[in-house]
Amino acid sequence: MAGKVFFSVSMSLDGFIAPESSEELMGQQWMELQRWVFPLRFFRENLKLGEGGKEGRDNDIVRETFERTGASVMGKRMFDAGEQMWPEEAPFHTPVFVVTHEKRDPWERPGGTTFHFVNDGIETALDQAREAAGDRDVRIAGGGATVLEYVNAGLVDEFSIALSPVLFGSGIRLFEGVDASRVALEQVRAEPSPRVTHLTYAVRER
């Protein structure tokens, strides 16, 4: 049985998931938004940042998200930023399908991550990701524009938001341009932690 298609993001209290400029991706606002994840044991081990780290429900959620993912899909903007920032052993450890107009051979990294470049749209990328994932889930990794394309196309089954107590004021809004006439949500779970509130929704066609 095919798995779900989902996305999982950190979001500021005023609805932003990233700064407007990719040059600001490691800036102060973005670091504050992601502050909850950096000390976690699973995150540190996955990025080879050293042993130790915080355990507990936040750590479990990050690990569970990783373990359910059999393949990922991302847009070119996210890939371009990540290509510069990710370590040599990229943190996905699964096939990743990049939606792009660029024609490029697959890029294999140590540790099981191979980036495949898909030139004919989001549905083709998702079909390839589903095949690669088998019975595990496909994660729409980002960025915001790519997530929104999949939501508006009715291709997302579920999503989770780590709602962080941070205000951005401007940047990339998660649901800027969403086709609200097509999308209905059903709350699945809400879990507060000392650092963020984890919200999970099932997506239904309105």
Side-chain angles (χ1 to χ4, degrees), residues 3-34 36-37 65 69 71-85 92 96-102 115-130 137-190 196-206:
K4 292 179 179 179
V5 178
F6 79 103
F7 66 87
S8 178
V9 296
S10 297
M11 186 175 79
S12 71
L13 206 56
D14 51 347
F16 297 96
I17 59 170
E20 190 70 47
S21 168
S22 57
E23 285 74 32
E24 300 173 40
L25 264 182
M26 295 299 285
Q28 180 179 350
Q29 277 188 317
W30 189 86
M31 296 293 283
E32 289 177 356
L33 178 68
Q34 304 291 352
W36 70 277
V37 78
T65 300
T69 302
S72 294
V73 176
M74 70 177 59
K76 183 65 161 51
R77 183 178 187 268
M78 180 177 178
F79 173 78
D80 286 346
E83 189 175 16
Q84 300 175 39
M85 294 188 300
F92 302 96
V96 178
F97 297 85
V98 182
V99 181
T100 178
H101 296 296
E102 178 186 11
F115 294 95
H116 302 270
F117 301 90
V118 182
N119 306 127
D120 47 357
I122 63 170
E123 294 194 16
T124 299
L126 181 57
D127 288 344
Q128 293 182 21
R130 282 187 189 277
D137 296 338
V138 174
R139 181 178 184 178
I140 310 302
T146 302
V147 166
L148 190 66
E149 279 192 85
Y150 278 98
V151 171
N152 283 343
L155 296 172
V156 172
D157 301 310
E158 182 181 286
F159 65 86
S160 296
I161 293 171
L163 190 62
S164 184
V166 174
L167 297 173
F168 263 41
S170 64
I172 296 174
R173 285 190 184 275
L174 177 57
F175 293 115
E176 187 74 47
V178 71
D179 185 355
S181 67
R182 292 192 59 190
V183 179
L185 304 179
E186 175 186 327
Q187 183 160 303
V188 174
R189 191 164 52 251
V196 291
T197 301
H198 299 279
L199 304 171
T200 302
Y201 298 91
V203 182
R204 306 282 185 252
E205 187 172 346
R206 187 182 292 277

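The aromatic ring centroids of Phe117 and Phe79 lie less than 6.0 Å from each other. Aromatic pair Tyr150/Phe159: centroids not less than 6.0 angstrom apart.
Between Val151 and Phe7, the closest side-chain pair of non-hydrogen atoms falls below 4.5 Å. Residues Asn152 and Arg182 fail the side-chain proximity criterion, which asks for heavy atoms closer than 4.5 Å. Counting only heavy atoms from C-beta outward, the side chains of Val118 and Thr100 never approach each other to under 4.5 Å. Within the 4.5 Å cutoff, no side-chain heavy atoms of Phe92 are placed close to those of Thr69. Taking the side chain as every heavy atom from C-beta outward, Ile140 and Glu149 never approach each other to under 4.5 Å.
Taking every heavy atom of both residues into account, Ser10 and Gln34 meet most closely at OG-OE1, 3.1 Å. Heavy-atom minimum distance, Ala141 versus Met78: O-SD, 3.3 Å.
The number of heavy atoms from other shown groups lying within 6.0 Å of CD (Glu83) is above 12.
Judged purely by atom type and a 3.5 angstrom limit, Arg139 has no side-chain atom pairing as donor or acceptor with the backbone of Met74. A donor-acceptor pair is defined here as one N or O able to donate and one able to accept, closer than 3.5 Å; such a pair exists between the side chain of Gln29 and the backbone of Phe168. With hydrogens and angles ignored, the 3.5 Å screen pairs no side-chain donor or acceptor of Arg173 with any backbone N or O of Phe16. Remark: the backbone N or O of Val5 is paired with a side-chain donor or acceptor of Asp157 at under 3.5 angstrom.
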